[in-house]
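Quick note: numbers below take in every heavy atom, side chains included, and nothing from hydrogens, waters or symmetry partners. For clarity, every value in this text was computed on a predicted model and none was experimentally measured.
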Amino acid sequence: MFKLMKGRFGYAVRVVGVSQARWARQKLCLQKDREQARTVIVPVLRQYSSLRHLQRDLLKYPGPNYGIPSRGIGMIVARVLRGALKIRYLLLGGSLAGGSALAKTYEKWKEALPDTKFLEGILPSQEDLDSIRSSLITYRDKIKDAVPAFTLDPKLKELGESHYDQLVVWFKERLDDAVRAAEEEKSENSVVFPDDFSADLKQHAISFSAMGSAAEREREKAETIREKYEGLQEELMQVQLKYQKEVERLEKENKELRKSLMLKAGDIVARKKIKKSLIDMYSEVLDELCDYDSSYDTQDHLPRVVVVGDQSSGKTSVLEMVAQARIFPRGAGEMMTRAPVMVTLSEGPYHIASFKDSTREFDLTKESELAELRKEVELRMRNSVRSGRTVSHEVISMTVKGPGLQRMVLVDLPGIISTVTTDMATDTKEAIRSISQQYMSNPNAIILCIQDGSVDAERSNVTDLVSQMDPQGKRTIFVLTKVDLAEENLTNPDRIRKILSGKLFPMRAIGYFAVVTGRGNKDDSIQAIKDYEESFFRSSRIFKGGVINSHQCTTRNLSFAVSECFWKMVRDTVEQQADAFKATRFNLETEWKNNFPRTRELDRDELFEKARGDILDEVVNLSQVSPKQWEDALAKKLWDKMVTYIFENIYLPAAQTENSGTFNTTADIKLKQWADQMLPKKCVEVGWVTLEDEFRTFMERAKNSKDHDTIFDNLKACVVDEAMRRHEWEDKAADVLRVIQLNALEDRSVSDKQQWDAACKFLEDSVKEKLESTESTLREMVGPSIKEQWMYWCYPTEDQKNRAAVKAELEKLLLSDYAHKNTLSYDEVTMVRKNSQSHGAEVDNEFIRETWHPVYRRHFLRRALAKAYGCRKAFYAYHQGLEGELGVECNDVVLFWRIQQMIKITANALRQQVMNREARRLEKEIKEVLEEYGCDREKKEQLLTGRRVMLAEELKRVRQIQEKLEEFIHSLNAEK
């Protein structure tokens, strides 16, 4: 049945249960190697028992046991449990029997009592008694709970603790007297019964009538107490308004005192460094974060008060009441808030407003400047909306300072809409919700939820959005506006009580407030609105009826509560944000060290300043160019500009004349016309081109230097191009050049041999250059030569073959008449055409004339070159006037000498103009361009790009934010 496995060190026994264990011991004892088994045995599993624990050693051999097993502790425990169960049965049986006997005894006692059913028609039922009792308790609780605690504004305590304590004691005594009077019970009964009533009936009737009369008296007393409570509440409101007016009066006096102190201090106060307030420092941090875009996902979680609400719900009016100035544009039913407006409120002696990017301060006490401020806000909003959109994400930042203002940062967002009208962009509704969600998603933002009280609560859009962003309501303050209209329209004041207690809307909030922000007249002043608000709550039946408490009314109490929540959130979260930016800074610095280890961290502005210096240095280098270099460059460019005109319009027509007199006359006329009409302007253009080329040459040399940084190439090129485009040569320069050039061209006397040789060389070089250009044109017209065809395997086209045939005929014509004129007669054209046709080239007269011009120009230039060679030694004949006698005509040399002298004089004049005037004007224009680019952020971002620039920009921004945050935290801790 079971098999024992023997191993190297003993038997391996698998024991399961008591019977198998006993069988294993018996088997081991019967084996021949029993002695060996007793010495070495390795049990695999222990025997388990529920009543007995194995106490002996596991390695000891368990011998056979045939006796009766001993009883242990398990048996004793079993017997004790059995005895206890017997006692339980006895107790249970006794209790059941006793209960049955007691029930029978109670029934016997009940049957022995007299029948009292006849009293049910006389005495009131238990339900009536419970109703009377609950009504009394309700009145008592209403009186006790209506005013849970009488607290005044903290500033009122500062006026005098004694007056405050007296008022609290007086109110509590009056309240205790009222409660005590409601709870008293009097037992005066004057009921007359007929004689036939029994004594028991009389006693019961007297008790019932006394109870009814007492309830009536209690009801009358509760009504009296309610009236007294309303009077007390109204008196309390009057006291609170009185103290608020007293505080405002003291604040005005304080304002005047501060003004007088500042005027008396005079220059001493002006010299002192003004310490920034906490709210101003905090606002600067938020301004830095508005434009911050980090690739490390360091989100802006700094607290701010986000004002959200449906369109025309009065959120802008609430913000104006908090700021105590009507600073926003208004429209009847029209969307006015088109972009987020961040308003920083701080306390100051003067009521002023200013924008972040402007130094102008608007005096909010003057209506004219208020109107200008509203226009500026509206203009900024419309400018922020681009590309056909209705709303914008760009933030308009402004600061409002004034006496009594609560320090905080508010962001007014566009109102949430339900329908997109035809004059809006199609995505306006989604864009507004996206902007609102973006600001409310900040876990540290205080959400000021504005609800219009004059419309049905079911039409609200903002409450659902706020409940989604802050389900627990830990950072939401609910404000019900237009309560005066709500009181007129609502017949059930309990609906307003539900709204202000958080039981009507599916959202939660840490505070509920009711405010009145005007009577619908946009011309009302802030003081007029405040007076109307106070008078409304003083006489409102909502307030008198206990629907809302005094601390839930007025925008003043609202501003106190919002400011307190704002600063509490700031103290709790600002250090966490500072730690996040420390981590971001470490990551950016690590990336810079890894990618740009030997490069200084220069942001976009610093790089632009460095490029500005490099460009201006290159402008200064223009002064290092020597006058000879300027004149040589100018002369070369002048000749390149005018060479074609000189050959085609002056030299070639003059050379066609028959004698030297006619040549000179024709040349003089052509030169004078040229100098009067075209030459000065062309020379000015040449001067400007030369200046530009020289400047660009210096810029190119700078690129080849060791210290060159390619990050500046785009910026430098753009600046130079823009400056060159704007630069214009002085108008007087052309008039001056005209006089100089006319005088130079009129002189035909070559004074010495050196000038003559220079003129001859100038003529030769010019003719050779032109001759090379003409021969190149002819080669293109006739195609490759026979040598080129054999060597480069290129063949002429049909047109080129015809050109070659015509060219050969024209050359024969010129050989026959060496002094041929520059035009062909009709007979010559016909002859050339027929000769070409005989060689298989079908051409027309126009084709022949087109080929004639370069052929004749080459013939003319060769003849002119030969004449120039012949005039090298003719200076003596020219000087003595013996040209005609010796048969030498050197009019060509004289003409080119005149042109050469004109070019030299013009180059010298242009050089003086460039060095003395135009280089400075160019430097001025480059500075203007750099100044414009320096103010244009988009232009710098376009021209200075790359990861290096972006990383340096982020490092600079993160350092600034971190430094401002640390400075703010230090000041905040110091204030604590």
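Across all their heavy atoms, Leu364 and Ala325 have their closest contact at CD1-CB, 3.7 Å. Among all heavy-atom pairs drawn from Thr481 and Ser313, the shortest one is OG1-O, 2.7 Å. Heavy-atom minimum distance, Arg326 versus Leu370: O-CD2, 3.5 Å. A pairwise comparison of heavy atoms in Tyr350 and Pro403 identifies C-CD, 4.4 Å as the closest pair. Scanning both residues, Ser434 and His393, for their nearest heavy atoms gives OG-CE1, 4.4 Å. In this structure, Ala445 and Tyr439 approach most closely via the heavy-atom pair CB-O, 3.8 Å.
Side-chain contact check for Val308 versus Val466: some heavy-atom pair is nearer than 4.5 Å. Using a 4.5 Å heavy-atom threshold, the side chains of Lys375 and Leu379 count as separate. For the pair Glu601 and Lys956, the minimum side-chain heavy-atom distance is 4.5 Å or more. Two residues are said to be in side-chain contact when any heavy atoms from C-beta on lie closer than 4.5 Å; Leu965 and Val574 meet this criterion. By the 4.5 Å heavy-atom criterion applied to side chains, Asp412 and Val343 are not counted as neighbours. By the 4.5 Å heavy-atom criterion applied to side chains, Lys356 and Thr399 are not counted as neighbours. Side-chain contact between Phe608 and Leu943 is absent, with no heavy-atom pair separated by less than 4.5 Å. Met424 is not listed as a side-chain neighbour of Val391, based on a closest heavy-atom distance of 4.5 Å or more.
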**Request:** Begin from the C-alpha positions of Phe362 and Ile327 and carry the test side chain to side chain contact (heavy atoms under 4.5 Å, CB included) through to its verdict.
**Result:** CA-CA 10 Å; Phe362 297 87; Ile327 56 179; over 6 Å; no
**Asked** Stepwise, does the side chain to side chain contact (heavy atoms under 4.5 Å, CB included) test hold for Val377 with Phe328?
**Response** CA-CA 7 Å; Val377 172; Phe328 293 105; 4.3 Å; yes
**Stepwise side chain to side chain contact (heavy atoms under 4.5 Å, CB included) test for Leu302 and Thr573** = CA-CA 7 Å; Leu302 287 177; Thr573 60; 5.5 Å; no
**Request:** Apply side chain to side chain contact (heavy atoms under 4.5 Å, CB included) to the pair Met408 and Val322, showing each step before the final yes or no.
**Result:** CA-CA 10 Å; Met408 66 183 104; Val322 174; 4.1 Å; yes
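With Asp470 contributing its side chain and Arg475 its backbone, the two residues share a donor-acceptor pair below 3.5 Å. Remark: the backbone N or O of Ala425 is paired with a side-chain donor or acceptor of Thr390 at under 3.5 angstrom. Ser559 contributes no side-chain N or O that, together with a main-chain N or O of Gln406, makes up a donor-acceptor pair within less than 3.5 Å. Not one N or O on the side chain of Arg304 forms a donor-acceptor pair closer than 3.5 Å with the backbone of Val409. In this structure, Glu361 contributes its side chain and Ser354 its backbone to no donor-acceptor pair below 3.5 Å. A distance-only check finds a donor-acceptor pair linking the side chain of Ser467 to the backbone of Asp464 [under 3.5 Å]. Side chain of Glu606 to main chain of Asp603: a donor-acceptor pair is present (N/O by atom type, distance under 3.5 Å, no hydrogens or angles). A donor-acceptor pair under 3.5 Å is absent between the side-chain atoms of Arg571 and the main chain of Leu972, judged by distance alone. Between the side chain of Glu575 and the main chain of Ile969, no donor-acceptor pair closer than 3.5 Å is present. Between the side chain of Lys315 and the backbone N or O of Leu413, at least one donor-acceptor pair lies under 3.5 Å.
Side chains of Asp531 and Gln527: a donor-acceptor N/O pair is present below 3.5 angstrom, by distance only. When only modelled atom types and interatomic distance are considered, Gln962 and Glu966 share a side-chain donor-acceptor pair under 3.5 Å. With hydrogens and angles left out, the side-chain atoms of Ser418 and Asn461 include a donor and acceptor closer than 3.5 Å. In the model, Asp484 has a side-chain atom that pairs as donor or acceptor with a side-chain atom of Tyr532 under 3.5 Å. Judged by distance alone, the side chains of Ser460 and Gln451 do bring a donor and an acceptor atom under 3.5 Å apart.
The pair Lys940-Asp605 meets the salt-bridge criterion, with a side-chain N (NZ, NE, NH1 or NH2) lying under 4.0 Å from an Asp/Glu carboxylate O. The residues Glu376 and Arg380 are annotated as salt-bridged, a charged nitrogen and a carboxylate oxygen being separated by less than 4.0 angstrom. Ionic pairing of Arg433 and Asp427 is not present here: no N-O contact between side-chain nitrogen and carboxylate oxygen is shorter than 4.0 angstrom.
With rounding to the nearest 0.5 angstrom, the CZ atom of Phe478 is 7.5 Å from the OG1 atom of Thr463. Interatomic distance, Met469 CE to Gln438 CD, rounded to the nearest 0.5 Å: 10.5 Å. For the atom pair CG of Leu319 and CG of Leu448, the computed distance is 8.5 Å after rounding to the nearest 0.5 Å. The CZ atom of Arg382 lies 13.0 Å from the OG atom of Ser392; values are rounded to the nearest 0.5 Å. Between atom CG of residue Leu405 and atom CD1 of residue Ile279 there is a gap of 11.0 Å, rounded to the nearest 0.5 Å. Expressed to the nearest 0.5 Å, how far CE of Met342 lies from CD1 of Ile396 amounts to 11.5 Å.
For Arg604, the salt bridge (charged side-chain N to carboxylate O under 4.0 Å, His left out) partners two or more places apart in sequence, or in a different chain, are Glu953. Residues satisfying the salt bridge (charged side-chain N to carboxylate O under 4.0 Å, His left out) test with Asp579, not counting sequence neighbours, are none. In this view, Asp363 satisfies the salt bridge (charged side-chain N to carboxylate O under 4.0 Å, His left out) rule with no residue, not counting sequence neighbours. Every side chain to side chain contact (heavy atoms under 4.5 Å, CB included) that Gln472 has, sequence neighbours left out, goes to Lys474, Arg508. Checked against salt bridge (charged side-chain N to carboxylate O under 4.0 Å, His left out), Glu589 has the following partners two or more places apart in sequence or in another chain: Arg585, Arg959. Evaluation of the ring pair (Phe, Tyr, Trp, His ring centres under 6.0 Å) rule for Trp592 yields Phe596 as partners, not counting sequence neighbours.
Within 6.0 Å of NE2 in His970 there are 12 or fewer heavy atoms belonging to other residues, nucleotides or ligands. More than 12 non-hydrogen atoms from other residues, nucleotides or ligands lie less than 6.0 angstrom from CD of Glu941.
Under the side chain to side chain contact (heavy atoms under 4.5 Å, CB included) test applied with Gln311, the options Asp452, Ile417, Val462 reduce to a single match, Ile417.
Using bins of under 30°, 30° to 60° and over 60° for the plane-to-plane angle, the ring pair Tyr282/Trp567 lands in the tilted bin.
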